[in-house]
There are 2 protein chains.
Amino acid sequence: MPIGLALARSAKTVSRAFDDALAAAGGSLPSWLILISLKTRAHANQRELAAAIGIQGATLTHHLNAMESAGLLVRRRDPANRRVHQVTMTDEGERLFHRLRRAATDFDRQLRAGLDDGDLDALTRMLGTLAGNVATEAADPTDTFPNPAAAH
Amino acid sequence: MPIGLALARSAKTVSRAFDDALAAAGGSLPSWLILISLKTRAHANQRELAAAIGIQGATLTHHLNAMESAGLLVRRRDPANRRVHQVTMTDEGERLFHRLRRAATDFDRQLRAGLDDGDLDALTRMLGTLAGNVATEAADPTDTFPNPAAAH
DNA sequence: TATTGTTATACTCTATAACTATA
DNA sequence: TATAGTTATAGAGTATAACAATA
């Protein structure tokens with residue numbers, strides 16, 4: 001079977017299950033990715049944040065609007081450069097982050113069943129190869145994940 | 001890094017590139033999956049077709065409407081059971097199928113670069129394991145891909 | 001009544017273009 | 001002029017619920 005089709009099918013099944021797990025915990029994939037980025041990295045501005053997640057700035061604004069309405073974060077202008085909006089998680093956002101982290105960790109435990117560390121290393125490496133083989137502008141390769149417990 | 005996150009990132013990059021490749025050839029992922037299914041399998045009805053692709057019946061109707069409007073296929077009632085709509089590819093649909101097959105084949109060649117047959121076998125197996133680990137209702141496991149040349 | 005498919009409607013995620021505010 | 005972000009709008013893909021046609 002073509003490897004792209006295998007990847008597409010697996011990713012579809014897994015991503016739907018993961019979406020369900022996040023939804024049950026009160027989140028969604030975009031909100032989870034945004035919370036991870038806010039929690040683990042210092043982004044100079046929203047464009048960097050959007051790039052780290054792999055979406056456009058306007059798309060990020062869309063999600064931030066919803067999350068701010070939900071009380072998960074606040075945006076303030078940076079006094080040093082009032083064009084820049086500083087995004088900060090609220091206590092409510094922190095609580096959601098922890099609930100989602102729990103859901104993601106549980107999910108990953110379920111996902112790994114039947115695969116040993118060597119398998120997982122090989123899988124991660126090969127997935128990186130696939131993405132690299134078709135990457136156009138190459139998402140930041142230094143964007144490794146700093147906190148293994150903090151995401152699925 | 002959590003394996004689910006590695007999969008999500010890789011799948012996002014790869015699926016966007018694949019969507020672009022299909023779009024350049026005049027198609028989309030859903031239309032490609034539908035054409036593959038029409039070409040390689042005999043489905044008793046649209047519900048089976050939808051299930052094979054992993055979407056709901058109403059979603060399939062949505063795509064079939066667009067594809068029929070585009071002249072890629074026709075729907076006729078089955079005389080033996082007039083509730084069933086027989087879906088048949090037109091010559092135009094056949095031509096698109098062949099263009100998309102070419103695009104998908106080229107894409108897969110690019111995608112496999114740097115991975116040998118052993119890698120690909122291991123990767124396919126592990127992707128299956130991941131999907132199986134989180135599958136809820138388990139998509140038809142007998143739905144193997146009958147024509148390796150016919151898809152990405 | 002049960003089955004097959006369609007229609008109506010809506011939601012999520014994403015994007016581009018035009019715009020405002022700031023530098 | 002250039003940069004950061006927002007607003008307006010749109011499109012693709014998906015879903016559920018209600019419906020029509022057929023058995």
Side-chain angles (χ1 to χ4, degrees), chain A residues 8-9 11-13 15-20 22-23 26-34 38 43-70 73-88 136-137 139, chain B residues 8-9 11-13 15-20 22-24 26-34 43-70 73-88 136-137 139:
Chain A
R9 285 178 174 172
K12 187 176 199 172
T13 299
S15 68
R16 283 189 182 183
F18 188 51
D19 286 345
D20 291 346
L22 291 177
S28 66
L29 182 60
S31 64
W32 172 227
L33 294 176
I34 288 168
L38 291 179
H43 294 283
N45 55 45
Q46 286 186 198
R47 289 196 172 175
E48 275 191 16
L49 180 55
I53 296 169
I55 57 179
Q56 295 302 119
T59 304
L60 177 61
T61 294
H62 167 81
H63 292 302
L64 292 182
N65 286 346
M67 293 172 76
E68 189 164 27
S69 294
L73 51 84
V74 292
R75 282 177 285 192
R76 297 191 208 84
R77 286 184 181 274
D78 182 344
N81 179 348
R82 289 181 45 77
R83 287 178 301 194
V84 173
H85 289 203
Q86 292 175 328
V87 182
T88 313
T136 48
E137 59 191 86
Chain B
R9 284 178 174 171
K12 187 177 199 171
T13 298
S15 69
R16 283 190 183 183
F18 188 50
D19 287 345
D20 291 346
L22 291 177
S28 66
L29 182 60
S31 65
W32 172 227
L33 294 176
I34 288 168
H43 293 283
N45 55 45
Q46 286 186 199
R47 289 197 171 174
E48 275 191 17
L49 180 55
I53 295 169
I55 58 179
Q56 295 301 121
T59 305
L60 177 62
T61 295
H62 168 81
H63 292 302
L64 292 181
N65 286 346
M67 293 173 75
E68 189 164 27
S69 295
L73 51 84
V74 292
R75 282 178 285 191
R76 297 190 208 85
R77 286 184 181 273
D78 182 344
N81 179 349
R82 289 181 46 77
R83 287 177 302 193
V84 173
H85 289 201
Q86 292 174 330
V87 181
T88 313
T136 49
E137 58 192 86

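All values below were derived from every heavy atom in this structure, side-chain atoms included, with hydrogens, water molecules and symmetry-related copies excluded. Protein chains get the first letters and strands the later ones, always in sequence-line order, with residue 1 at the start of each.
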To the nearest Å, give me how far apart CG (A:L22) and P (C:dT12) are.
15 Å

Which atom pair, heavy atoms only, marks the closest approach of B:R47 to B:N45?
N-OD1, 3.0 Å

Which sits closer to the 5' end of DNA chain D, A:K12 or A:T61, going by the nucleotide each is nearest to?
A:T61

For B:N81 and D:dA23, what is the distance between atoms CG and C1' respectively, to the nearest whole Å?
7 Å

Any B:H62 side-chain N or O less than 4.0 Å from OP1/OP2 of D:dA15:
no

Does B:T59 put a side-chain nitrogen or oxygen below 4.0 Å from OP1 or OP2 of D:dG13?
no

Would you indicate what B:R47 reaches in the nucleic acid, counting non-hydrogen atoms under 4.0 angstrom: base, sugar-phosphate, or nothing?
base

Rounded distance (Å) that lies between atom P of D:dA12 and atom CD1 of B:I34:
14 Å

Taking every heavy atom of B:H43 against every heavy atom of B:A52, the minimum-distance pair comes out as CE1-CB, 3.6 Å

Does D:dG13 have OP1 or OP2 sitting under 4.0 Å from an N or O in the side chain of B:S28?
yes

Atom CG of B:L33 and atom P of D:dT14 are separated, to the nearest Å, by 9 Å

Main-chain N/O of A:R75 paired with A:E68 side-chain donor or acceptor, under 3.5 Å
yes

Establish, with yes or no, whether the OP1 or OP2 oxygen of C:dT22 is under 4.0 angstrom from a side-chain nitrogen or oxygen of A:R82.
yes

B:R83 side-chain proximity, nearest of D:dT14, D:dT22, D:dA4
D:dT22

Name the residue closer to the 5' end of DNA chain C, choosing between A:D78 and A:G54 according to the nucleotide with the nearest heavy atom.
A:G54

Looking only at heavy atoms, which two atoms of A:Q46 and A:V87 are closest? And how far apart?
OE1-CG2, 3.9 Å

Length of the CG-P vector between A:L60 and C:dA15, whole Å:
11 Å

Whether A:N65 contacts D:dG5 is assessed here as follows: a side-chain N or O lying under 4.0 Å from the phosphate OP1 or OP2. Is that the case?
no

Nucleotide nearest A:I55 (side chain, heavy atoms from C-beta), chosen from C:dA15, C:dT16, C:dT6
C:dA15

Phosphate OP1/OP2 of D:dG5 contacted by A:R77 side-chain N/O (<4.0 Å):
no

Does a side-chain N or O from B:Q56 land closer than 4.0 Å to OP1 or OP2 of D:dG13, or not?
no

Given D:dG5, is OP1 or OP2 found less than 4.0 Å from the side-chain N or O atoms of A:N45?
yes

Over all heavy atoms of both residues, which pair between A:A44 and A:E48 is shortest? Give the atoms and the distance, please.
N-OE1, 3.1 Å

Answer yes or no: does a side-chain N or O of B:H63 lie under 4.0 Å from OP1 or OP2 of D:dA12?
no

Which whole-number value in Å describes the distance from A:D19 CG to D:dA15 C1'?
13 Å

Nearest 0.5 Å please: distance from the CZ atom of A:R76 over to the OG1 atom of A:T88.
4.5 Å

Is any side-chain N or O of B:R16 closer than 4.0 Å to OP1 or OP2 of C:dA15?
yes

To the nearest angstrom, how far is B:R76 atom CZ from C:dT4 atom C1'?
18 Å

Rounded to the nearest Å, what distance is computed from the CG atom of residue A:L49 to the P atom of nucleotide D:dA4?
14 Å

